[in-house]
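Just below is one structure, and these are the notes that go with it.
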Protein chains: 2
Amino acid sequence: MTKDYKDIGIKLTPQRLAILACLEGNTTHPSADDIYKEVRKQYPTMSFATVYNTLEALKEHGQVSELSVDSRRRRYDPDTKPHHHMMCVVCGAIKDVHESFRLVLPEKERKQFRILDSRVEFYGICPHCDMKTKTEGGGVNGSIQM
Amino acid sequence: MTKDYKDIGIKLTPQRLAILACLEGNTTHPSADDIYKEVRKQYPTMSFATVYNTLEALKEHGQVSELSVDSRRRRYDPDTKPHHHMMCVVCGAIKDVHESFRLVLPEKERKQFRILDSRVEFYGICPHCDMKTKTEGGGVNGSIQM
DNA sequence: GTTACTGCAAAGCTTTTGCATCCCT
DNA sequence: AGGGATGCAAAAGCTTTGCAGTAAC
């Protein structure tokens, strides 16, 4: 059950299809470099320019969204339905949070800013890293953020 | 009514005091480069290493927090009380949102991740840019994110 | 007197850009 | 056929690092 990419409204080159295939159902929230490395296995001539170009085009056509959770680099999500994320501050793993929150801004702020979107970001420690830090007894050092 | 910086627990060099002074009460959410440029007026030998070093030390001692709202670069906030932000996707201006939201995760997720912090990020268009885009009739092009 | 910070410069990542060539529609 | 995409390489941002000298505690 693959999406019909013809409807996206962009030229479908083999490279773009490979990037789309790499993103489809991908819940790892890959960075541009992750995508580049993955797609390069199949297209050894794939360039960064093409990856960034394609991500930009897909973003404009509502096929991916760009995440800002990870302050080290941009990460991408093929799931464009509104949802939130939690990131492990140790390893950088990002998980989806499919819960809806009531995020109503007070009048004062709503009048000032024309709000287009809102996201909740949770920061914590994933089970894997939690176990490791407990074993090592080293606390939360080497953590990525906070 | 300046904070007593002795309590922070880090060595207080003139450079660090200048960075602290630049941050105190600063609600512009500056980037490292913004801080560098500002502090350099007073300390022309100030280096990036020192800015990043100091920000890291202050972060570890709970004196600043690092924001991820702006996917282009890290920005810093001397206000470490839990609060949220809204960013203008056109000019990148960030404003504080001092409203508290009920952000309780479902059991399922809470059990998996050990949550340490959570932030809400609003994206929109600030009054200044909103007026400009309306005048130019050019829509929201050249926007930074989304 | 130690320990830790500073400054400089170089390196490391991530992201963007220019341009000739190529190919999808 | 034409407009847009690709690939390459170089450049541009942002952030980190190594190291010798220096200053805070």
Side-chain angles (χ1 to χ4, degrees), chain A residues 4-20 22 29-61 63-64 66-76 92 141-145, chain B residues 4-20 22 29-61 63-64 66-76 92 142-146:
Chain A
D4 191 353
Y5 293 132
K6 278 179 229 153
D7 298 343
I8 302 179
I10 60 171
K11 267 194 192 175
L12 294 174
T13 65
Q15 292 86 343
R16 288 181 164 190
L17 288 167
I19 291 171
L20 279 163
C22 166
H29 310 86
S31 66
D33 189 57
D34 294 335
I35 295 167
Y36 173 70
K37 286 204 188 87
E38 180 60 32
V39 176
R40 216 160 206 271
K41 292 177 190 166
Q42 196 187 343
Y43 286 88
T45 62
M46 172 73 61
S47 71
F48 268 113
T50 300
V51 173
Y52 279 105
N53 250 339
T54 301
L55 287 170
E56 187 59 29
L58 292 175
K59 211 171 60 176
E60 273 169 16
H61 288 79
Q63 298 298 306
V64 294
E66 195 182 287
L67 308 186
S68 67
V69 221
D70 188 342
S71 70
R72 298 169 307 168
R73 61 205 161 166
R74 292 183 196 155
R75 295 175 61 167
Y76 297 88
N141 291 315
S143 77
I144 280 161
Q145 129 141 356
Chain B
D4 191 353
Y5 292 132
K6 278 178 226 151
D7 297 342
I8 301 179
I10 60 171
K11 271 194 188 175
L12 292 175
T13 65
Q15 292 86 343
R16 287 181 167 190
L17 289 168
I19 291 171
L20 279 163
C22 165
H29 309 87
S31 66
D33 190 57
D34 294 335
I35 296 166
Y36 173 71
K37 286 205 188 89
E38 181 60 33
V39 177
R40 216 161 205 271
K41 291 177 189 166
Q42 196 185 344
Y43 286 87
T45 62
M46 171 73 60
S47 72
F48 268 113
T50 300
V51 174
Y52 279 105
N53 249 339
T54 301
L55 287 170
E56 187 59 30
L58 293 176
K59 212 171 59 176
E60 274 169 16
H61 289 78
Q63 298 299 307
V64 294
E66 195 182 288
L67 308 186
S68 66
V69 221
D70 187 343
S71 70
R72 299 169 306 165
R73 57 186 187 247
R74 292 182 197 157
R75 296 175 61 167
Y76 298 88
S143 77
I144 279 160
Q145 129 140 354
M146 290 166 55

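Residue numbers begin at 1 in each chain, while the letters A, B, ... track the order of the sequences.
- Of the N and O atoms on the side chains of B:D34 and B:S31, at least one donor lies less than 3.5 Å from an acceptor on the other residue.
- Scanning both residues, A:G9 and A:H61, for their nearest heavy atoms gives O-NE2, 3.7 Å.
- Under 4.0 angstrom from either OP1 or OP2 of D:dA5 there lies no side-chain N or O belonging to A:T50.
- Among the atoms of the strands shown, none is found under 4.0 Å from any heavy atom of A:I10.
- Atom CG of A:L20 and atom P of D:dA5 are 13 Å apart (whole Å).
- The structure places OH of A:Y5 at 9.5 Å from CG of A:L12, a figure rounded to the nearest 0.5 Å.
- Residue B:D70 contributes atom CG, which lies 14 Å from atom C1' of C:dT14 at whole-angstrom precision.
- Looking at A:R16, its side chain never comes within 3.5 Å of a backbone N or O of A:T54 through a donor-acceptor pair.
- B:T50 places none of its side-chain heavy atoms less than 4.5 Å from the side chain of B:V39.
- Between A:P14 and B:S31, the residue anchored nearer the 5' end of DNA chain D, judged by the nucleotide with its closest heavy atom, is A:P14.
- Side-chain N or O atoms of A:R40 include one that pairs as donor or acceptor with a backbone N or O of A:M46 at under 3.5 Å.
- For residues 34-49 of chain A, proximity to DNA chain C is found at A:A49, defined as any non-hydrogen atom under 4.0 angstrom from a strand atom.
- Across the protein-nucleic acid pair, B:R74 atom CZ and D:dT15 atom P stand 6 Å apart, rounded to whole Å.
- Atoms NZ (A:K11) and C1' (D:dA1) sit 11 Å apart, rounded to a whole Å.
- Going from atom CG of B:D33 over to atom C1' of D:dG13 covers 9 Å, rounded to whole Å.
- At whole-Å resolution of the value, CD in A:Q15 and C1' in D:dG7 are 9 Å apart.
- Note on A:Y52: every side-chain N or O is 4.0 Å or more away from OP1 and OP2 of C:dT16.
- Put simply, CZ on A:R73 is 13 Å from C1' on C:dG12, counting in whole angstrom units.
- The distance from atom CZ of A:R75 to atom C1' of C:dC13 is 15 Å, rounded to the nearest whole Å.
- Between the side chains of B:S71 and A:E66, at least one donor N or O lies within less than 3.5 Å of an accepting N or O.
- Between A:T13 and D:dT6 there is a side-chain N or O to OP1 or OP2 distance below 4.0 Å.
- Regarding contacts with the backbone of D:dT6, a side-chain N or O of A:R16 is found under 4.0 angstrom from either OP1 or OP2.
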